[in-house]
Amino acid sequence: MLPKPANARRASGESGFRRKTKTRERVLSAATRILRSEGYARLTMERVASESGVAKTTLYRRWPTKAALCMELYLDVAGRELRDPNTGDVASDLKHIAHTVVRLQTRTVAGQAFAGLIAEAQLNPDTRAAFLAEFAHRRREVTRTVLKRAIQRGQLRSDTDIDLVIDALGGAVTFRLLQGHAPLTTKFADALVTLVLSGCRVATAPRKENC
C-alpha cells in the first residue's frame with residue numbers, strides 16, 4: 001500500500017484533533033451540568049458518558065477516574081481566569097489573585113469540583129497522590145511567581161518562606177469554602193492578604209524628624 005500524501009496525512013491529523021477537541025468539550029460540559037445541578041457525589045462517569053454521548057471506553061481512556069475529570073475541569077476554568085497581574089505591587093497582585101480565586105470558588109463550577117476533589121483525596125490514596133503531584137502544584141504557580149518577583153524587587157524579605165505564604169493564603173480560603181462558617185468574599189480576601197504580608201514585608205526605617 002502506498003503511503004498517503006503529506007497533505008492527506010495533515011488533513012487526517014487535523015480532523016482527528018478536531019474530534020478530540022469536540023469530545024473534550026462535550027465531556028466537560030456534561031460534567032459541569034451535573035456538578036452544578038447535583039454536586040460532586042452524584043457525578044459518575046456513567047452519567048457523564050450518557051449525557052455527553054461519548055462512549056465510556058473513550059471517556060475512561062482519557063480520564064480514568066472522575067477525580068481526574070474534575071481536575072481537568074477545574075484547571076480548564078482556572079486556566080482562563082487565573083493570571084499574573086504584575087501591577088508592580090505585591091499586595092495588589094495578591095489581592096487580584098485572591099479575588100479571582102474567590103470568584104472561581106463561589107460563582108463557577110470550579111468551586112464544586114475543587115471541594116469534591118479535596119474530599120476524595122482524603123479517601124483515595126491514588127487520587128491524593130495525583131492531587132498533590134499535579135493539581136496542587138499547578139494551582140500554586142501564579143502565586144509563587146508573584147512572591148518571587150516581590151522578593152527580587154525588595155518588597156518582601158529575602159528569607160520569606162514562599163510555600164508558607166502560599167499555604168497561609170490558600171489554606172484560609174479553602175477552609176472557608178469547605179467549612180462554610182463565614183462568607184468567602186473579596187473583603188475577606190483583602191484582609192487575609194494584608195494580614196499575611198504583615199509578617200514578611202521589608203521593614204522600613206523610621207523617618208527622622210528635623211530638629
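Positions are given from 1, in the same order as the sequence printed here.
By the rule that hydrophobic residues join a cluster once side-chain heavy atoms approach within less than 4.5 Å of another member, Y60 and I34 end up as members of one cluster. Under a hydrophobic clustering in which Ile, Leu, Val, Met, Phe, Trp and Tyr are joined whenever their side-chain heavy atoms come within less than 4.5 Å, directly or via other members, L192 and L164 fall into different clusters.
Listed here is the closest heavy atom pair of S158 and I151: CA-CG2, 3.9 Å. Taking all atoms of both residues into account, the shortest heavy-atom contact from V193 to A91 is CG1-O, 4.0 Å. The two residues R176 and P183 make their nearest non-hydrogen contact at NH1-O, 2.7 Å. Contact between I97 and R83 at its shortest, heavy atoms only, is CG1-O, 4.2 Å. Nearest heavy atoms, V202 versus G154: CG2-O, 3.2 Å. Across every non-hydrogen atom of L43 and K66, the tightest pair is O-NZ, 3.0 Å.
Note on residues 150-160: pairs passing salt bridge (charged side-chain N to carboxylate O under 4.0 Å, His left out), not counting sequence neighbours, are R157-D159.
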Salt bridge (Lys or Arg N to Asp or Glu O under 4.0 Å) evaluation trace for D89 with K95
CA-CA 10 Å; D89 176 67; K95 286 178 181 180; over 6 Å; no
Going through the distances and angles, do E38 and R47 end up as a salt bridge (Lys or Arg N to Asp or Glu O under 4.0 Å)?
CA-CA 12 Å; E38 301 183 55; R47 284 194 62 185; 2.9 Å; yes
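Using a 4.5 Å cut-off on side-chain heavy atoms (C-beta onward), K56 and M45 make no contact. The shortest distance between side-chain heavy atoms of R33 and V48 does not fall below 4.5 Å. Residues L94 and L147 are in side-chain contact: their nearest non-hydrogen atoms beyond the backbone lie under 4.5 Å apart.
Under the 3.5 Å distance criterion, the side-chain polar atoms of S52 are matched with a main-chain donor or acceptor of V54. Looking only at distances, no side-chain donor or acceptor of T174 sits under 3.5 Å from a matching main-chain atom of G171. Of the possible polar contacts, one joining the D93 side chain to the T87 backbone as a donor-acceptor pair under 3.5 Å is found. The main-chain N or O of F188 is found under 3.5 Å from a side-chain atom of T185 such that the two form a donor-acceptor pair. Between the side chain of T100 and the main chain of H96, a donor-acceptor pair closer than 3.5 Å is present. No side-chain donor-acceptor contact under 3.5 Å links S50 to the backbone of E46.
Taking E72 as the reference, R24, R62, W63 meet the side-chain hydrogen bond (donor to acceptor under 3.5 Å, both in side chains) condition, with sequence neighbours excluded.
Distance check, rounded to the nearest 0.5 Å: CZ of R26 to CG of L59 gives 11.0 Å. How far OG of S29 is from CG of L73: 9.0 Å, rounded to the nearest 0.5 Å. Rounding to the nearest 0.5 Å places OG1 of T32 at 11.5 Å from CD of E25. Separating the CG atom in L156 from the CZ atom in R201 is a distance of 7.0 Å, to the nearest 0.5 Å. The OG1 atom of T143 sits 12.5 Å away from the NZ atom of K148 when rounded to the nearest 0.5 Å. Summarising the geometry, atom CG belonging to L184 is positioned 13.0 Å from atom CD belonging to Q179; distances are rounded to the nearest 0.5 Å.
For the residue pair D84 and T145, no side-chain donor N or O sits within less than 3.5 Å of a side-chain acceptor on the partner.
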Just list the side-chain donor-acceptor pairs under 3.5 Å for residues 104-122, sequence neighbours left out, or say none.
from	atom 1	to	atom 2	distance (Å)
T106	OG1	V102	O	2.6
T108	OG1	L104	O	2.6
T108	OG1	A110	N	3.1
Q112	NE2	L35	O	2.9
E120	OE1	Y40	OH	2.9
Q122	NE2	I118	O	3.2

